[in-house]
Asker: 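Sharing a structure here in structure tokens format.
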Amino acid sequence: MKLLEERIRKEGKALSESVLKVDSFINHQVDPEFMDLLGKDFAEHFKDYGITKVFTIESSGIAPAMMVAKYLQVPMVILKKQTSKILNGNVYQTRITSFTKGTSYELTLFSDYIQSDDKILLIDDFLANGEAATGASRLIEQSGAELAGIGILIEKSFQNGRKRLEDAGYYVYSQARIRKLGNGVIEFLSDDEPVISE
Ligand code: G4P
């Protein structure tokens, strides 16, 4: 999606060969009009998938996911990051350990907010090694629902997240795909170029 690529070229900062800072419009300060455009693009892309709910993982995925849900006219559900297991109540939980951030948490979903006939679209801001998305897929499958698609704003194609999700059978659409990051360098992959990570 050219619009997101242009914005990343203008405002994104490669902090290292693996981390891209997009604090000025996605992760810290948020541009609502721009989120609306991204949401519309995802909704258009997934309009024939029969999506019944949009899921995201707190916190940076919430803004774009909200817009996607608005355009698809379905509810949005926020998967919560709890520090410990919830031992009572009807919850699905799975442990996530982020390679990128070096943190662990229990991804948590109350069973009231998913039904076995739901078709879920998962939206998230970044795809790196795919721990978070893989964890979300485990929760969705525990409930018997279907993860019908995954929409990502920024895919770091030099990491293995996309390959991991595709190998597990999931369809991934990324609005911007980054081939390479480095000292002042942000290079993109075109939509149809294959994943380059092993
Ligand atoms: P992982 O397997 O390496 O942990 O990658 P994953 O795709 O699950 O991403 C883990 C967390 O790291 C996510 O945030 C993601 O947004 C963030 N992240 C990954 N790469 C980058 C990057 O290049 N730049 C920035 N700014 N963030 C990155 P999260 O834990 O879900 O937290 P939140 O930011 O949504 O609150």
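In listed order, ligands and their atoms are each counted from 1. Computed from a predicted model, the values in this text were never measured in an experiment.
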Asker: Name the closest protein heavy atom to atom 29 (P) of ligand 1, giving the residue it belongs to and the distance to 0.1 Å.
Answerer: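 Going atom by atom, the protein heavy atom closest to atom 29 (P) of ligand 1 ends up being K81 NZ, 3.2 Å.
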
Asker: Of the choices E131, K13, K21, which has the non-hydrogen atom that lies closest to atom 2 (O) of ligand 1?
Answerer: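 The option holding the nearest heavy atom is E131.
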
Asker: Given I120, which of V74, V54, I114 fulfils the side-chain contact (heavy atoms from CB on, under 4.5 Å) condition?
Answerer: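 So, applying the side-chain contact (heavy atoms from CB on, under 4.5 Å) to I120 and each of V74, V54, I114, only I114 qualifies.
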
Asker: Using the side-chain contact (heavy atoms from CB on, under 4.5 Å) rule, pick out the option among I123, D41, I51 that qualifies with V68.
Answerer: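 Exactly one pass, corresponding to I123.
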
Asker: Answer side chain, backbone, both or neither: which part of S18 comes under 4.0 Å from ligand 1, heavy atoms only.
Answerer: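 Only the backbone of S18 comes within reach of ligand 1.
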
Asker: Looking only at the side chains, is there a donor atom on one of S24 and Q29 sitting less than 3.5 Å from an acceptor on the other?
Answerer: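 Note: S24 and Q29 side chains miss the donor-acceptor criterion.
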
Asker: Any heavy atom of G130 closer to ligand 1 than 4.0 angstrom?
Answerer: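 True for this residue.
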
Asker: Identify the protein heavy atom lying closest to atom 1 (P) of ligand 1, giving its residue, its atom name and the separation to 0.1 Å.
Answerer: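 Closest protein heavy atom to atom 1 (P) of ligand 1: T100 OG1, 3.4 Å.
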
Asker: In the protein, which heavy atom is nearest to atom 15 (C) of ligand 1, and how far is it?
Answerer: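 Its nearest protein heavy-atom neighbour is F126 CB, 3.8 Å.
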
Asker: Checking a contact table here: which protein heavy atom is nearest atom 24 (N) of ligand 1, and how many Å away?
Answerer: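 Result: L20 O, 2.7 Å.
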
Asker: Can you tell me if K163 uses its side chain to pair, donor with acceptor, with the backbone of S157 under 3.5 Å?
Answerer: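 No, because the side chain of K163 does not come within donor-acceptor range (under 3.5 Å) of the backbone of S157.
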
Asker: With a 4.0 Å heavy-atom cut-off (strictly under), which part of D125 contacts ligand 1: side chain, backbone, both or neither?
Answerer: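 Near ligand 1, D125 shows its side chain, while the N, CA, C and O stay back.
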
Asker: Who's the nearest protein heavy-atom neighbour of atom 4 (O) of ligand 1, and how far?
Answerer: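 Of the protein heavy atoms, S98 OG, 2.6 Å lies nearest.
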
Asker: Can you tell me which residue and heavy atom of the protein come closest to atom 33 (P) of ligand 1, and the distance to 0.1 Å?
Answerer: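 Answer for atom 33 (P) of ligand 1: S60 OG, 3.5 Å.
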
Asker: If you measure from atom 12 (O) of ligand 1 to every heavy atom of R162, E155, K101, which option wins on shortest distance?
Answerer: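 Closest candidate by heavy-atom distance is K101.
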
Asker: Could you tell me if any non-hydrogen atom of Q159 lies under 4.0 Å from any atom of ligand 1?
Answerer: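 Not so, Q159 does not reach ligand 1.
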
Asker: For the residue pair I154 and R177, establish whether any side-chain heavy-atom pair is separated by less than 4.5 Å.
Answerer: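 Result no, sub-4.5 Å side-chain heavy-atom pair not found.
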
Asker: Does A176 offer a backbone N or O that forms a donor-acceptor pair with the side chain of S174 under 3.5 Å?
Answerer: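 No, the answer is negative, given that no donor and acceptor are paired below the 3.5 Å cut-off.
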
Asker: Can we say E106 and R95 salt-bridge, meaning some charged N sits less than 4.0 Å from an Asp/Glu carboxylate O?
Answerer: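 Looking at R95 together with E106, the answer is yes, because their closest N to O distance falls below 4.0 Å.
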
Asker: Relative to the heavy atoms of N27, which atoms of ligand 1 are at a distance of less than 4.0 Å?
Answerer: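 What qualifies from ligand 1 is 26 (N).
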
Asker: Checking the side chain of Q175 only, and the main-chain atoms of L153 only, is there a donor and an acceptor separated by less than 3.5 Å?
Answerer: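 Checking the backbone N and O of L153 against the side chain of Q175, no donor-acceptor pair under 3.5 Å is found.
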
Asker: Of the choices K156, H28, E58, which has the non-hydrogen atom that lies closest to atom 21 (C) of ligand 1?
Answerer: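 Nearest heavy atom to atom 21 (C) of ligand 1 lies in K156.
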
Asker: Please report, to 0.1 Å, the donor-acceptor pairs under 3.5 Å made by any side chain of residues 2-9, with sequence neighbours excluded.
Answerer:
residue, atom, partner, partner atom, Å
K2, NZ, E5, OE1, 3.4
R7, NE, E11, OE2, 2.7
R7, NH1, D31, OD2, 2.8
R7, NH2, E11, OE2, 3.3
R7, NH2, D31, OD2, 3.2

Asker: Show which atoms of ligand 1 fall inside a sub-4.0 Å distance from at least one heavy-atom site of A132.
Answerer: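 Once the distances to A132 are compared, the set is 8 (O).
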
Asker: If you count the atoms of ligand 1 from 1 in the order shown, which ones are under 4.0 Å from a heavy atom of F99?
Answerer: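 Those qualifying, in numeric order: 1 (P), 2 (O), 3 (O), 4 (O).
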
Asker: Identify the closest protein heavy atom to atom 36 (O) of ligand 1: which residue and atom is it, and at what distance?
Answerer: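 Answer for atom 36 (O) of ligand 1: S59 OG, 2.8 Å.
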
Asker: Tell me whether D118 contacts the main-chain N or O of Q115 through its side chain, where contact means a donor paired with an acceptor under 3.5 Å.
Answerer: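 Checked: pair present.
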
Asker: Considering non-hydrogen atoms of the protein only, which is the closest contact for atom 7 (O) of ligand 1, and what is the distance?
Answerer: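 Of the protein heavy atoms, A128 N, 2.9 Å lies nearest.
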
Asker: Rounded to the nearest 0.5 Å, how far apart are CD of Q82 and OG1 of T108?
Answerer: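 Separation between the atoms: 4.5 Å.
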
